[in-house]
Structure formats: C-alpha cells, structure tokens
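When reading the values below, keep in mind they use all heavy atoms of this one structure, side chains included, and skip hydrogens, waters and symmetry mates. Note that the structure is predicted; figures quoted are calculated from it, not measured. Quick note on labels: first sequence line is chain A, next is B, and so on, each numbered from 1.
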Protein chains: 2
Amino acid sequence: MKQAKELLGEYGLRKTKCRLDILDLFLSHQQALAHADIEQVLGDRYDRVTIYRTLYSFKEQGLLHSINDISGAVKFALCQEACSQHQHYDNHIHFSCTQCGQTFCLNEVHIPAMTLPAGYSVHNLHFSAEGICKACNARE
Amino acid sequence: MKQAKELLGEYGLRKTKCRLDILDLFLSHQQALAHADIEQVLGDRYDRVTIYRTLYSFKEQGLLHSINDISGAVKFALCQEACSQHQHYDNHIHFSCTQCGQTFCLNEVHIPAMTLPAGYSVHNLHFSAEGICKACNARE
DNA sequence: GCATAAATGCAACAGTATTGCATTTATGAA
DNA sequence: TTCATAAATGCAATACTGTTGCATTTATGC
Ligand SMILES: [Mn+2]
Ligand SMILES: [Mn+2]
Ligand SMILES: [Zn+2]
Ligand SMILES: [Zn+2]
C-alpha cells in the first residue's frame with residue numbers, strides 16, 4: 001500500500017501534519033469515514049474546520065470520493081482507480097451495514113447499464129445497498 | 001387520484017388541517033418535496049416542528065418514503081405501491097435534475113438484479129440518477 | 001535562509017433536525 | 001351532542017452539521 005506522504009505528492013497536495021494523519025486514517029481503514037469519525041480520532045489535534053477543508057481538498061484532487069450514505073451522513077473513501085481533479089471514475093456500489101453502521105466501497109461490483117425513460121439525460125449513477133456486512137454476518 | 005382525507009383514513013392517521021394541507025401538496029406535485037419546500041408554502045400556517053413530525057408520521061405509516069437526495073437534502077415522495085407501516089416497496093429509481101434541483105420517482109424503471117460478493121446480506125437497494133430532467137431538456 | 005502562497009485555527013454564523021412541555025384538537029364512547 | 005382521553009400542535013431550547021472571514025502559522029521553491 002502506498003504511503004501517505006508520496007500519495008500527497010502525486011496528487012499535488014502539500015504535506016502537512018493534518019493531511020498526513022487524515023490520509024493515514026483512510027489508508028488504515030477499509031471503510032468510508034465521515035467527518036465525525038475523523039474528528040473523534042484527530043479532533044484534539046486539528047480544528048474541525050481544517051478537517052472539513054482537508055476532505056474537500058482531497059476530493060477536489062481526486063484522492064477521495066464522497067458518498068451520500070443511506071443514513072444521511074456524508075462519508076468519504078479513497079478512490080481506487082486513477083481519479084484526478086478532472087475526472088472521477090468511482091462507478092461502484094456502496095454497501096451500508098445496518099448493524100455496525102459502516103459503509104464500504106464494493107469496487108468489484110460495477111453499476112449495471114440502465115435505460116431511463118425518454119427525455120432524461122443521465123450524467124451520473126449512484127447505487128447503494130443496505131444490509132448486513134461480511135464482518136457482522138461472520139460474527140453470528 | 002385519491003383525496004387526502006380518505007388517504008389519511010386508510011393509513012390510520014388523524015385528519016388534521018396540517019396533515020391534509022401537507023398531503024394535498026404531495027398529491028398536487030409530481031416531484032419529491034423537502035421539508036424546506038413545504039415550509040416555504042405552509043410555514044406561516046404550521047410550525048416547522050409540526051411539519052417534521054408530520055413527514056415522519058407519514059413515512060412511519062407507509063404513505064411517504066424518504067429519499068436521500070444527491071444534493072444531500074432529504075426529500076419525501078408518495079409511495080406508489082401498497083406500502084404499509086410494516087413494509088415499504090419502493091424499489092424504483094430516483095432522478096435528480098442538476099438544473100432545476102427537482103427530484104422525481106421513476107416508478108416505471110425497476111432496479112436490475114445484482115449479485116454482491118459472498119458474505120453480504122442485502123435488504124434494500126437504492127438507485128439514483130443525476131442529470132437533466134424531461135422538463136429542463138424540453139425547455140432548450 | 002527568505003519570500004510567498006497555501007494551510008490552519010478561531011470565532012461567528014447559517015441551516016437542519018430533535019427534544020420537552022404546555023396547550024389545543026380529533027376521536028370514539030357515553 | 002357532550003365528554004374524556006390520547007394524539008397532535010406550537011413554542012422554546014438545544015444539538016448537530018457545515019460554511020465563511022480573517023489573522024496567524026507553515027510548507028515550498030528559489
Ligand atoms: Mn466508493
Ligand atoms: Mn421514490
Ligand atoms: Zn456490519
Ligand atoms: Zn430539471
């Protein structure tokens with residue numbers, strides 16, 4: 001797995017303590033993270049506004065994509081493919097576990113093609129599934 | 001189209017002025033409505049908290065379903081099929097227009113079947129599309 | 001090391017949603 | 001129709017989420 005430091009370089013982002021720590025969080029977790037999740041871990045070290053702005057910068061540069069979670073919360077996750085500030089390629093499914101509340105990117109499941117009624121121009125598709133995740137199922 | 005009054009009766013909801021007016025709004029609009037939309041029309045007549053609680057009651061009884069709109073706003077729309085307080089059957093697509101900001105239920109487009117990786121139990125699927133709606137396309 | 005632009009921290013603010021409680025209202029039974 | 005009761009409402013207070021402006025600090029290239 002790539003180091004936070006070199007990733008920031010690749011994406012044209014300055015290497016600050018806050019950004020390194022936030023990116024490390026994402027690199028060491030498989031799940032999507034909300035601002036509140038990050039604040040819980042790093043809130044005593046960095047201002048909440050800075051965390052917001054960091055997430056926004058990361059998304060802007062194609063390092064993260066945002067997820068409008070089924071719970072209503074906005075979450076963020078690492079982009080898997082070669083996303084850049086010009087184009088995102090995150091056409092995968094998001095799975096939200098109703099038991100543990102975590103959200104995962106299912107990068108291996110692609111969004112199927114669809115035909116909408118005439119008159120509608122589609123620019124983006126978002127597909128999310130809700131249920132019990134792997135870990136919670138295994139725990140029973 | 002059914003009258004608001006008889007609908008409230010069918011769904012076991014008391015017939016109050018507020019509920020009748022809010023339900024009338026939904027019956028006379030094809031689009032999904034956010035709390036703010038309703039408040040804009042009825043805010044001088046009913047308290048905003050009452051509007052929140054009305055929407056929640058309607059959803060609870062299976063009269064409305066909520067949509068986590070791509071814009072981040074929570075919107076509500078009439079359930080089409082025989083939804084009840086026990087079970088919702090709203091497995092259709094939601095279309096959000098990036099131009100006019102409106103959200104529509106595309107009840108005629110059903111969500112295709114999908115296979116998720118082993119270990120995940122799926123209980124609900126949510127599919128949303130983003131683009132230019134029929135009306136906005138026609139206007140050009 | 002230095003100049004500069006970018007990033008940060010802090011305060012203020014706006015929008016959205018929730019809770020508690022007193023008052024009002026809809027409903028079914030008398 | 002009246003009445004008792006539970007449900008619905010209005011209002012105030014509060015919490016949560018996100019944004020903006022500005023002074024200060026920091027990373028970066030020279
Ligand atoms: Mn994702
Ligand atoms: Mn719908
Ligand atoms: Zn889980
Ligand atoms: Zn439109």
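For T16(A), no side-chain nitrogen or oxygen approaches OP1 or OP2 of dA6(C) to under 4.0 Å.
R19(A) comes within 4.0 angstrom of the backbone, heavy atoms only, and of no base. Contact annotation for V74(A): backbone-only contact, meaning every heavy-atom pair under 4.0 Å involves sugar-phosphate atoms and none involves a base. When heavy atoms are screened at a 4.0 angstrom cut-off, S57(B) is found touching no nucleic acid atom at all. Counting any heavy atom pair closer than 4.0 Å across all strands shown, K15(B) reaches sugar-phosphate atoms only and no base atom.
Nucleotide dT8(C) holds its C1' atom 14 Å from the CG atom of D21(A), rounded to whole Å. Between the CD1 atom of I51(A) and the C1' atom of dT19(D) there is a distance of 15 Å, given to the nearest Å. The distance from atom OH of Y52(A) to atom P of dC13(C) is 19 Å, rounded to the nearest whole Å. If you measure from atom CG of D47(A) to atom P of dA23(D), you get 17 Å, rounded to the nearest angstrom. Atom P of nucleotide dG18(D) and atom NZ of K59(A) are separated by 12 Å, given to the nearest angstrom. Across the protein-nucleic acid pair, Y56(B) atom OH and dT18(C) atom C1' stand 12 Å apart, rounded to whole Å. dG18(D) atom C1' lies 18 Å from atom NZ of K75(A), rounded to whole Å. Straight-line distance from the CD atom of E39(A) to the P atom of dG9(C): 12 Å, rounded to whole Å.
Side chain of N137(A) to backbone of K134(A): no donor-acceptor contact under 3.5 angstrom is found.
Distances were taken from every side-chain heavy atom of H35(B) (C-beta onward) to each of dA17(C), dA11(C), dA27(D); the shortest belongs to dA17(C). With distances taken from any side-chain atom of R14(B) to the nucleotides dT18(C), dT9(D), dT27(C), the minimum falls on dT27(C). The side chain of R48(B) has dA17(C) as its nearest neighbour among dT8(C), dT9(D), dA17(C). The side chain of Y46(B) approaches dG10(D) more closely than any other nucleotide in the set dG18(D), dA26(C), dG10(D).
Closest approach of V122(B) to F95(A), counting heavy atoms only: CG2-CE1, 4.1 Å.
For the 3.5 Å distance criterion, the side chains of Y46(B) and D21(B) qualify, holding a donor opposite an acceptor.
Along DNA chain C, the nucleotide closest to L13(A) and the one closest to A73(B) are compared, and the more 5′ of them pairs with L13(A). Taking for each of A36(A) and V49(A) the nucleotide of DNA chain D with the nearest heavy atom, the 5'-most of the two is the partner of A36(A).
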| query | Run the ring pair (Phe, Tyr, Trp, His ring centres under 6.0 Å) check on H92(A) and H65(A) step by step: do they pass? | reply | CA-CA 11 Å; H92(A) 54 266; H65(A) 62 284; 5.0 Å; yes

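Judged by distance alone, with hydrogens and angles left aside, R53(B) brings a side-chain donor or acceptor within reach of the base of dG10(D), the pair sitting under 3.5 Å.
Separating the OG atom in S128(A) from the CG atom in N68(A) is a distance of 9.5 Å, to the nearest 0.5 Å.
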